[in-house]
Amino acid sequence: MKYKKEILKNNLRVILAPMPALESAVVTIWVKTGSRFESDRVAGISHFLEHMVFKGSKRRPSAKAVSEEIDSIGAQTNAGTSKEWTNFYIRARSDILEKAFDILSDIVLNPLLKEEEIEKEKGVILEEIAMYEDTPMIKIYDVFDNLVFKGSSLARDIAGTKETVSKMKREDFINYRNKHYYPENMLLTIAGGFYEKEMLKLANKYFGSLEASRKKPDFICESLTQGQPEVLIKKKKTDQTHLVIGFKGEKYGWEGRYAEALLSTILGGGMSSRMFIEVREKRGLAYSVRTSSDHAFDMGSFLTYAGVRVDKVNEAAKVILDQYYGLRDKRYKISAKEFAKAKEYLKGNLALSLESTSTVSEFFALEELYLGKPRTLQEVFEAIDKVSVSDVYDVAKKIFQENRLNIALIGPQDKIEVGI
């Protein structure tokens, strides 16, 4: 899979990822800002602004006008907010992509941000926050981030708090957009079936008028130190305890990224992974168990999630830790067969995911936003193939250190006993 990168006269970057066999494409505008770029007073404004974009624009003055026009062409639209980026997209048939550009540029670049709409949407977002609070399988990741990134802007919940959301005013949105929504801080991606020259013309037509700024980024990388294992318990009456055990990790694009991906796969990347076999199959301690890693501009985390029976939390935690440290200390060896399987699993899952235009868009966009140069699928496969077993052991030794350990749980427990 190939891509083409262009830069418009106003410094907006454009990435084209052609998928010739498709009759549709997704047009996405990315902004290099998210919850960690907010001040404490307006925590959650990136996510709130994501909502407000669909509430009316200069040429489509209401939420109904926006949704009706999107529905009238059979398109799909949505948006997403992370700690470090926000995106807005429209997926449509290839033969009506100009309409998708027209709608997307209008709502993202010209939102009305009506005060009355802001007040109404506050109720929606407060209900969204409440929904996450009542969904511990999702909320546990926020609790873990609150712990592992304690003292950093990454510890902030993306949706903000009831207090910060309730106090936001129209001026806050305008100031935030002026600070972050400018071409050098944005990226346009198009993935799917299209003609490249036509897409560049549309990019210039609909996004070329955005005024260049050449602002200097004010983001300062943060550094966190941790001297001992940490535990955070969000006590809640539940029938199942939701547990995340993990470690402070490394930044996006670090030199051990592919060895780390293989380490994650070996530990908890499928039904034959070590965590799945040891925690679920052998002991029946959990229904769901999986391992993953997360990366930001300056730091990251490596974690395993499990939803376990309330009276089995300590046992499950000990098994998970034993798998971490057993691999780090080479008590549990990685066989040639297991290593080969992990590589094929990782490559196969990536290839399958890239059958989606949205995933292709994200694949290239995140590499561009974080590193300034995307990698092709072939380059990623080659990098995975170059990883050795000793590389994986080295990453395990680097990350799985007791003083970097963090344990978060949501459940009725007052404490967790795992000998740390």
Side-chain angles (χ1 to χ4, degrees), residues 1-31 49-80 85-113 177 181-212 354-365 368-369 374:
M1 180 174 291
K2 298 181 179 180
Y3 74 93
K4 184 176 183 179
K5 177 180 172 181
E6 299 283 349
I7 300 178
L8 305 186
K9 289 182 180 180
N10 63 354
N11 298 315
L12 176 68
R13 291 163 290 170
V14 180
I15 289 182
L16 305 172
M19 303 168 73
L22 298 185
E23 297 293 333
S24 65
V26 61
V27 183
T28 310
I29 188 74
W30 304 75
V31 189
L49 182 56
E50 172 207 318
H51 283 232
M52 291 307 303
V53 158
F54 297 96
K55 298 302 175 183
S57 60
K58 284 185 177 179
R59 291 191 290 113
R60 297 161 178 89
S62 67
K64 185 173 183 287
V66 172
S67 60
E68 279 186 344
E69 190 156 0
I70 292 169
D71 289 345
S72 72
I73 59 172
Q76 298 174 349
T77 187
N78 211 331
W85 52 260
T86 309
N87 72 6
F88 309 87
Y89 73 81
I90 294 181
R91 183 187 297 113
R93 299 196 325 266
S94 297
D95 60 337
I96 54 169
L97 284 180
E98 180 163 8
K99 193 64 176 178
F101 270 89
D102 182 22
I103 298 170
L104 186 65
S105 61
D106 184 38
I107 64 175
V108 174
L109 304 184
N110 306 303
L112 292 178
L113 302 173
R177 279 178 50 81
Y181 280 58
Y182 57 94
E184 294 88 342
N185 203 46
M186 300 169 76
L187 170 69
L188 177 67
T189 60
I190 307 102
F194 55 77
Y195 293 106
E196 290 185 14
K197 289 183 179 180
E198 183 182 350
M199 291 305 101
L200 287 174
K201 288 180 181 179
L202 293 177
N204 273 295
K205 180 178 179 179
Y206 290 99
F207 291 95
S209 61
L210 188 60
E211 188 175 347
L354 294 180
E355 293 180 356
S356 159
T357 54
S358 294
T359 306
V360 169
S361 179
E362 182 174 322
F363 176 77
F364 289 119
E368 174 64 28
L369 290 173

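Looking at Ser94, its side chain does come within 3.5 Å of a backbone N or O of Glu23 through a donor-acceptor pair. Using a distance-only test at 3.5 Å, with no hydrogens or angles considered, no donor-acceptor pair links the side chain of Ser57 to the main chain of Pro111.
Between the CG atom of Leu109 and the CG atom of Leu210 there is a distance of 5.5 Å, given to the nearest 0.5 Å. Rounded to the nearest 0.5 Å, atoms CE (Met1) and CZ (Phe364) are 6.0 Å apart. In this structure, the separation between CG on Leu200 and NZ on Lys4 is 6.0 Å, given to the nearest 0.5 Å. Rounded to the nearest 0.5 Å, atoms OH (Tyr195) and NZ (Lys201) are 13.0 Å apart. Interatomic distance, CG of Leu202 versus CG of Leu188, reported as 10.0 Å (0.5 Å rounding). Between Met199 atom CE and Ile190 atom CD1 the span is 7.0 Å, to the nearest 0.5 Å.
The two residues Met186 and Tyr182 have their closest heavy-atom pair at CG-O, 3.2 Å. Minimum interatomic distance between Leu97 and Gly193 (heavy atoms only, all atoms of both residues): CD1-O, 4.2 Å. Closest heavy-atom contact between Leu354 and Phe363: CD2-CB, 3.8 Å. When every heavy atom of Asn10 is checked against every heavy atom of Gly208, the shortest pair comes out as ND2-O, 3.4 Å. Across all their heavy atoms, Val26 and Ser358 have their closest contact at CG1-N, 4.0 Å. Nearest heavy atom pair, residue Glu184 against residue Ala212, reads OE2-CB, 3.8 Å.
Looking at Ser24 and Arg91, their side chains never bring a donor and an acceptor atom within 3.5 Å of each other.
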Hey, mind stepping through Glu98 and Val27 against side chain to side chain contact (heavy atoms under 4.5 Å, CB included) and telling me if it holds?
CA-CA 10 Å; Glu98 180 163 8; Val27 183; over 6 Å; no
For a side chain to side chain contact (heavy atoms under 4.5 Å, CB included) check, start with the C-alpha distance between Glu368 and Thr189, then their side-chain angles and the critical distance, and finish with the verdict.
CA-CA 10 Å; Glu368 174 64 28; Thr189 60; over 6 Å; no
Does the pair Thr357 and Leu22 meet the rule for a side chain to side chain contact (heavy atoms under 4.5 Å, CB included), with working shown?
CA-CA 9 Å; Thr357 54; Leu22 298 185; 3.4 Å; yes
May I have the step-by-step check of side chain to side chain contact (heavy atoms under 4.5 Å, CB included) for Val31 and Glu50, ending in yes or no?
CA-CA 11 Å; Val31 189; Glu50 172 207 318; over 6 Å; no
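Contact annotation: the side chain of Ile107 never approaches that of Phe88 to less than 4.5 Å [non-hydrogen atoms, C-beta and beyond]. The shortest distance between side-chain heavy atoms of Asp106 and Lys58 falls below 4.5 Å. Using a 4.5 Å heavy-atom cutoff, the side chains of Arg59 and Asp102 are in contact. You'll find the side chain of Ile103 reaches within 4.5 Å of the side chain of Arg60, heavy atoms only. Side chains of Pro374 and Ile15 form a contact here, defined as non-hydrogen atoms less than 4.5 Å apart. The shortest distance between side-chain heavy atoms of Leu113 and Arg177 falls below 4.5 Å. The shortest distance between side-chain heavy atoms of Tyr181 and Leu49 falls below 4.5 Å.
For the side-chain contact (heavy atoms from CB on, under 4.5 Å) with Lys99, the lone residue among Leu104, Ile90, Ile73 that qualifies is Ile73.
Using cut-offs of 30° and 60° for the angle between ring planes, the Phe101 and Phe207 rings count as perpendicular.
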